[in-house]
Each structure stands twice: as C-alpha cells, then as structure tokens.
Amino acid sequence: MTNFSEHALEVTKRIPKGKVATYADIAKAAGSPKAARAVGSALRKNKNLIIIPCHRVVRSDGFVGCYSGKGDKTGLLVAEGVAVVNGRVELARYKCRLEQIID
DNA sequence: GCACTGACCGGTC
DNA sequence: AGACCGGCCAGTG
C-alpha cells in the first residue's frame with residue numbers, strides 16, 4: 001500500500017454516516033487535487049473494503065458512479081438515509097467537509 | 001522504465 | 001441541458 005492510497009482510504013474511512021464525499025475532495029485531502037481517478041483506483045484495489053465505506057464516495061456531479069463490490073452503492077446510501085435520485089445524490093445536502101473530519 | 005488501464009473532472013460542442 | 005473529448009494522477013503488467 002502506497003502513501004497516497006493510505007491517505008485516500010484513511011480519509012474515506014472518516015466520512016460520517018449519512019454523508020458523502022466526492023472523489024475530487026478526497027484526492028485534494030490526499031494531497032493531489034487532480035488525482036480523482038487515482039482515488040478510484042485505490043478504492044477499487046484496496047483490501048480494506050470492509051472497514052472502508054467506499055459507498056459514501058461519489059463523483060463531483062453527485063453521480064454515484066461505479067462500484068466493484070457486490071451490493072450497489074446506491075442501495076447502501078439509501079439505507080443510510082442518503083436520498084439517491086436517478087443514480088445521483090444531492091451534494092448540497094449530503095456532501096461533508098473533509099477538512100473538518102481530518103484531525 | 002514504458003505503456004495501458006481505471007470506482008474521474010472540466011471544459012466544449 | 002446532454003453528449004463528447006482530452007487530460008489529469010496513481011497503480012499494475
């Protein structure tokens with residue numbers, strides 16, 4: 001596991017229940033604002049899937065995006081109280097500030 | 001070390 | 001508003 005992955009996963013872990021964060025924001029928090037893709041790669045390859053709420057990570061537009069796991073992110077989000085409409089969430093409502101959850 | 005891939009983003013058409 | 005295109009970055013063969 002590289003430093004970037006660790007950081008990205010660590011941040012993802014801290015996303016509060018019922019909230020979501022964008023890949024771009026996580027990338028920013030990880031140290032590379034443009035590395036949104038890399039964040040996705042890290043989450044896809046990571047083995048800590050069980051301890052990481054990767055389903056709380058959505059795209060900048062609010063679209064849920066893809067998911068390597070079995071269940072679907074959309075369903076999990078709805079189960080946590082995050083309204084998902086047409087495969088997307090209301091960022092204005094559920095997006096959380098990573099700056100505040102990072103120490 | 002090069003080249004391809006991918007859970008992406010932003011700007012244009 | 002919706003679709004398209006190129007460019008990001010890190011990981012893997």
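Throughout, protein chains are lettered first and strands after them, A, B, ... in sequence-line order, and every chain is numbered starting at 1. Values in this document were obtained by computation on a predicted structure and should not be read as measured data.
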To the nearest Å, how far apart are Lys34(A) NZ and dG11(B) P? 9 Å

How far does NZ of Lys95(A) sit from OG of Ser60(A), to the nearest 0.5 angstrom? 9.0 Å

Using a heavy-atom cut-off of under 4.0 Å over every strand shown, decide if Thr22(A) touches base, sugar-phosphate, or nothing. nothing

Nucleotide opposite dA7(B) in a Watson-Crick or G-U pair, distances under 3.5 Å: none

How many whole angstroms separate atom CZ of Arg88(A) from atom P of dC9(B)? 12 Å

For the pair made of CZ in Arg37(A) and C1' in dG10(B), what is the distance, rounded to whole Å? 12 Å

With a 4.0 Å cut-off on heavy atoms, is Ala38(A) in touch with a base, just the backbone sugar-phosphate, or nothing at all? base

How about Arg56(A) and Thr12(A): do any of their side-chain heavy atoms sit closer than 4.5 Å? no

Nucleotide dA7(B), atom P - distance to OH of Tyr23(A) in whole Å: 9 Å

Give a yes or no on this: more than 12 heavy atoms of other residues, nucleotides or ligands lie within 6.0 Å of atom CZ of Arg14(A). yes

Just the rounded figure in Å: distance from C1' of dC8(B) to NZ of Lys73(A). 11 Å

Between Asn86(A) (CG) and dG2(C) (P), how many Å, whole number? 10 Å

May I ask you to verify if any side-chain N or O of Ser41(A) is less than 4.0 angstrom from the OP1 or OP2 atom of dT12(C)? no

Please state how far atom NE2 in His7(A) lies from atom P in dC9(C), giving the value in whole angstrom units. 18 Å

May I have the distance from Lys45(A) (atom NZ) to dC4(B) (atom P), rounded to whole angstrom? 20 Å

Options dA7(B), dC8(B), dA10(C), nucleotide nearest the side-chain atoms of Ser60(A): dC8(B)

Could you tell me whether a side-chain N or O of Asn46(A) sits under 3.5 Å from a main-chain N or O of Asn48(A), the two making a donor and an acceptor? yes

